[in-house]
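Have a look at the structure below before the remarks.
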Amino acid sequence: VVVYRHILEDPTTVPRSRITSLLVTDGGDLWVGTMGGLARFDRQTETFRTPAGAPGDPASPCSADVTALSTDAAGAMWAGTFSGGLCHLTRAPAGDSKVARRAPQAEWSAARVEVEAPDGTSIERIYALLTDVGGTPWALLAPGREAENRACRTTPAGACVFDDPATLVRTVSPSSRTVLVDTTPSMGLGTRSADGSVERVRRPTLPAGVEIAHSQEVVAVEGGDLWVGTPASGMLVVAPETGRVDPVLPDPEGPRSISSPSVQSLLVDQQGSVWVGTARGLDRWAPPDAAAFQVYGRGPRGGLSDERVTGLLEARDGTLWVGTRDGINRLRPGSRRVDVLRQQDRGPNANAFWYLAEGRDGTIWAGSKQEGLFRIAPGSDRVESVDVFADLDRPPEGPSGMQVRHALEDREGRIGVALDQGLAIRTADGQWHTTLAGDGFPLPSARTNITYQDRRGRIWVGTDAGLCILAHDAS
């Protein structure tokens, strides 16, 4: 395990150990945002360097406390900061005397972007940068700011403008320029212009008592309609051209209506069917039969193992895998039969699965709420527990160390599993190597959150206290 930390007297280390953001550009460069500046990782020397003019360089006009990173469609970089608004970084053209005077070896021309709300308030703290479907970054203000001014849209000219109302593009209809956008206090429909701005934003007429919260599931379906899942108001079918909203609600007299008004997840499969996971079952809509759903409810004969759907995954062969609080359910293409797969241990939360992923060979990896990692081999019906603690003298006690937060199978067949209290790695020879919290733990924090493989095949691990990289021959 290679750990990158800030060393005070070494300028080739990360600017600060508190890592706030990562960005891989189209050219493959890895940029690391920290509370002490921005640095690019040099793959040849395994060092970090802050380019002249970038945040963290003494000559930079931008604040060094980077909170977020993004790129726009033109290839420019945007950095949100904690105390200095936005920083707009563009490649410095050769012979740019203005840049040369400020930073003689500057590769990037950096400009601080003052963010001013419509009421004249200067906004210095940027909470996050989100990129819409057209490649335009949006700056989200720190929590606590007035809701009506919570986001501004960046422009190629290096400004951040507040649309009226603020609109962050979420979903584009495949048949038109109509987009579903985040607005205040809920969502609206707009027309996307050539420069990336959203024009003629209008609020669809919603049924009484219904709000489209910006955090809900949204998918674009065949024909151009946008489907929005809500936590208590069922499914909303939005017609982009007219703005008409048709609610889809459970009907006690209709056996083929949606199973619950609480929509948990949405998935559009390879055939264009929409799968809707709800608090009371799994529903499937297959075009063009828009008035009816095939409902998969809980039941002992061909039904789901549990009514609350916690996750959906479509495998490459078209098989649908459904995570629930009581087992994994499998639906093969063209069949209504539900195969229920469980592990044998029937303890509390023994079959509560909340993470599903497909491996290179078709293995289904399942992360459980409290019981660790499981696998289903191709062609098998067995949910097998994976002993990621085999190399430990003392396995963890209690469920805390068994929570799977993320899993990744890389291109070489290695598997990285982020645990609540450690990290497990399966090397290419099939051996597991696990480290848990305690004396001698090699990572900055035992709380590992996510794993990522770069183009060179190395696995990066994000933790609560810093960023790490695993050497290719890590054991």
Side-chain angles (χ1 to χ4, degrees), residues 1-25 29-42 46-71 76-89 102-103 106-115 122-131 137-145 150-152 154 160 405 418 441-452 454 460-469:
V1 178
V2 180
V3 179
Y4 295 103
R5 293 189 178 94
H6 173 66
I7 300 175
L8 185 61
E9 301 298 329
D10 189 350
T12 67
T13 61
V14 289
R16 288 292 185 275
S17 293
R18 185 177 177 185
I19 309 298
T20 59
S21 48
L22 297 174
L23 175 69
V24 178
T25 63
D29 288 336
L30 174 67
W31 293 85
V32 181
T34 79
M35 292 304 288
L38 175 66
R40 181 172 58 194
F41 181 67
D42 189 318
E46 301 272 329
T47 58
F48 295 83
R49 187 173 70 86
T50 297
D57 175 62
S60 175
C62 301
S63 175
D65 45 9
V66 176
T67 58
L69 294 172
S70 185
T71 56
M77 280 199 300
W78 289 84
T81 71
F82 186 81
S83 62
L86 286 167
C87 187
H88 184 225
L89 297 105
R102 184 177 67 238
E107 299 176 39
W108 294 82
S109 174
R112 177 171 175 169
V113 178
E114 302 290 344
V115 181
S122 178
I123 298 169
E124 296 183 341
R125 185 178 302 179
I126 303 300
Y127 177 60
L129 286 169
L130 300 180
T131 302
W138 291 69
L140 273 63
L141 311 189
R145 287 288 182 182
R150 63 181 177 79
C152 62
T154 64
C160 202
R405 302 174 65 82
F441 188 74
L443 306 184
S445 169
R447 189 176 179 87
T448 57
N449 301 311
I450 193 168
T451 54
Y452 168 80
D454 65 20
W460 295 75
V461 182
T463 77
D464 274 9
L467 176 70
C468 312
I469 184 173

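We number each residue from 1, following the sequence as shown.
Rounding to the nearest 0.5 angstrom, the gap separating the CG atom in Leu89 from the CE atom in Met77 is 5.0 Å. Note that the CE atom of Met35 and the CD1 atom of Ile19 stand 11.5 Å from one another [nearest 0.5 Å]. Atom CZ of Arg112 is separated from atom NE2 of His88 by 16.0 Å, given to the nearest 0.5 angstrom. Here the straight-line distance linking atom OG of Ser60 with atom CG of Leu38 works out to 9.0 Å at 0.5 Å rounding. Atom-to-atom distance recorded for Arg5:CZ and Arg16:CZ is 15.5 Å, nearest 0.5 angstrom.
For the pairing with Leu69, the side-chain contact (heavy atoms from CB on, under 4.5 Å) check across Ser21, Pro137, Cys87 returns one residue only, Ser21. Thr12 pairs with exactly one of Ile7, Thr47, Asp42 by the side-chain contact (heavy atoms from CB on, under 4.5 Å) rule, that one being Thr47.
Pairs of residues two or more places apart, or lying in two chains, that qualify as ring-ring contact (aromatic ring centres under 6.0 Å, His included) and include a residue from residues 48-67 are Tyr4-Phe48, Phe41-Phe48.
The heavy-atom pair separating Ser63 from Ser83 by the smallest distance is OG-OG, 3.2 Å. Looking at every heavy atom in both residues, Ile126 comes nearest to Gly85 through CG1-O, 3.4 Å.
Put simply, the side chain of His6 reaches to within 4.5 Å of the side chain of Val14, judged on heavy atoms. Within the 4.5 Å cutoff, side-chain heavy atoms of Leu22 are placed close to those of Val32. Looking only at side-chain heavy atoms (C-beta outward), Thr81 and Pro55 stay at 4.5 Å or farther from each other.
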Item to complete: Under the side-chain contact (heavy atoms from CB on, under 4.5 Å) rule, what do Leu86 and Leu129 come out as? Steps first, then yes or no, please.
Response: CA-CA 10 Å; Leu86 286 167; Leu129 286 169; 3.9 Å; yes
Fill in: side-chain contact (heavy atoms from CB on, under 4.5 Å) evaluation trace for Val113 with Trp78
CA-CA 10 Å; Val113 178; Trp78 289 84; 3.9 Å; yes
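Of the possible polar contacts, one joining the Thr67 side chain to the Gly80 backbone as a donor-acceptor pair under 3.5 Å is found. Checked by atom type and distance alone, the side chain of Thr50 never pairs as donor or acceptor with a backbone atom of Asp57 at under 3.5 Å.
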